[in-house]
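Computed from heavy atoms alone, side chains included, the values below leave out hydrogens, waters and symmetry copies.
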Amino acid sequence: MAVDPLALYPVITDAGFAASFRAQGDGVHLELSQVAVGRGIANGGGWKGYTPVRGQTALKKEDVRVPILSGSKLDGQGFRVLAMIPRTTDGSEMPVNEVGWFLATGELLCVWSTPDGVPLTARTPRAEVHLAHELYLAQLPLSSLNITVMLPDIPDTAGVLAGLLSAGLRTFIADIEAERRAVARGIY
């Protein structure tokens, strides 16, 4: 399987593993229903990502949790997910350095973050973030996991377009950060 640059490979939490295997044994289905984004951990007046751990039960600094807008199951691998992250209401801009996927029961199934210093995207007062991605969960018994979506009739092309927009935004943010560093060094 080729690695998709827009795919997120999360750390499955201990609670997520336990809930999945419990559901498989009981013959019931868990519902993946919400996505949360956060800033990560404080870093000298800013925020940065981190390396998630299996024992995690929450995001480090959750900003907002939303229902999954649309999605579909990827045969034996995970899910294609689309969530709309609302704009900030206080005029601030917040980096998205961590993402968590929650079950309908409120348990954190898995979490993504990276300590590489580049946010996934940013929340701003100007626009919503359409977080479109493929969520690979091959470590779990996917037969016991379903996805709950608000608008099941959104075509898959909407997710692809939102993913491309997200990738462009990540590049734009990285360019702004490079410019900020250049100005700080007196290169301009």
Side-chain angles (χ1 to χ4, degrees), residues 1 3-43 46-86 94-123 129-150 159 162-163 166 170:
M1 171 177 66
V3 175
D4 182 346
L6 296 178
L8 300 179
Y9 294 90
V11 171
I12 310 296
T13 65
D14 289 337
F17 272 119
S20 295
F21 287 107
R22 217 175 24 252
Q24 183 184 35
D26 294 343
V28 298
H29 287 266
L30 293 173
E31 296 292 327
L32 179 64
S33 65
Q34 297 175 322
V35 175
V37 297
R39 291 176 244 183
I41 55 177
N43 181 30
W47 299 93
K48 68 177 187 170
Y50 57 92
T51 302
V53 295
R54 287 183 48 179
Q56 214 166 318
T57 58
L59 296 182
K60 300 291 184 182
K61 181 63 175 158
E62 184 176 321
D63 283 325
V64 66
R65 188 180 303 191
V66 297
I68 294 173
L69 186 61
S70 182
S72 59
K73 205 170 211 177
L74 299 172
D75 191 33
Q77 300 175 51
F79 297 94
R80 181 167 290 128
V81 177
L82 174 63
M84 189 198 65
I85 310 302
M94 296 177 197
V96 173
N97 287 311
E98 59 182 342
V99 181
W101 293 266
F102 289 85
L103 299 171
T105 58
E107 293 172 290
L108 178 62
L109 176 68
C110 54
V111 62
W112 172 90
S113 185
T114 180
D116 74 2
V118 179
L120 178 64
T121 187
R123 292 182 62 221
V129 174
H130 290 182
L131 184 59
H133 57 284
E134 291 184 355
L135 177 63
Y136 291 107
L137 301 170
Q139 311 93 314
L140 294 178
L142 292 179
S143 60
S144 65
L145 194 58
N146 285 330
I147 186 169
T148 301
V149 298
M150 290 179 60
S166 177
R170 285 193 304 253

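- The shortest non-hydrogen separation linking Asp116 to Val118 is OD1-N, 2.9 Å.
- Interatomic distance, CZ of Phe79 versus CD of Glu134, reported as 12.5 Å (0.5 Å rounding).
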- Could you give me the CA-CA distance, side-chain angles and deciding distance for Leu120 and Val99, then say whether side chain to side chain contact (heavy atoms under 4.5 Å, CB included) is met? CA-CA 9 Å; Leu120 178 64; Val99 181; 3.7 Å; yes
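- Once rounded to the nearest 0.5 Å, the distance linking CG of Asp14 with CD of Glu107 reads 11.5 Å.
- Within the 3.5 Å criterion, the main-chain N or O of Pro119 finds no donor-acceptor partner in the side chain of Arg170.
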- Query: Are Tyr50 and Asn43 close enough, and set up right, to give a side chain to side chain contact (heavy atoms under 4.5 Å, CB included), and what steps lead you there?
  - Reply: CA-CA 11 Å; Tyr50 57 92; Asn43 181 30; over 6 Å; no
- Message: Under the criterion side chain to side chain contact (heavy atoms under 4.5 Å, CB included), I'd like the reasoning laid out for Leu109 against Leu137: C-alpha separation, chi angles, the key distance, then a yes or no.
- Response: CA-CA 10 Å; Leu109 176 68; Leu137 301 170; 4.1 Å; yes
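- Note that CH2 of Trp112 and NE2 of His133 are 10.5 Å apart. Values are rounded to the nearest 0.5 Å.
- Residues Ile12 and Arg54 form no side-chain contact, since every pair of their non-hydrogen atoms from C-beta on lies 4.5 Å or further apart.
- Atom OG1 of residue Thr105 and atom CD of residue Glu31 lie 10.0 Å apart, to the nearest 0.5 angstrom.
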- Item | From CA spacing to verdict: side chain to side chain contact (heavy atoms under 4.5 Å, CB included), Val66, Ile85 | CA-CA 7 Å; Val66 297; Ile85 310 302; 3.7 Å; yes
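- When all heavy atoms of Ala132 and Leu82 are compared, the pair lying nearest together is CB-CD1, 3.8 Å.
- Taking each heavy atom of Lys61 and Gly40 in turn, the nearest pair found is CB-O, 3.3 Å.
- At least one donor-acceptor pair closer than 3.5 Å links the side chain of Glu98 to the backbone N or O of Lys60.
- Pro86 and Arg123 get closest at one heavy-atom pair: O-NE, 3.0 Å.
- Annotation for Glu62 and Ala36: closest pair CD-CB, 3.7 Å, computed over non-hydrogen atoms.
- A donor-acceptor pair under 3.5 Å is formed between the side chain of Ser113 and the backbone N or O of Asn97.
- Looking at Val11 and Val53, their side chains never come closer than 4.5 Å, going by heavy atoms from C-beta outward.
- How far OG1 of Thr13 is from CH2 of Trp101: 11.5 Å, rounded to the nearest 0.5 Å.
- For the atom pair CZ (Arg65) and CG (Asp63), the distance works out to 12.0 Å, reported to the nearest 0.5 Å.
- Heavy-atom minimum distance, Leu103 versus Ser33: C-OG, 3.7 Å.
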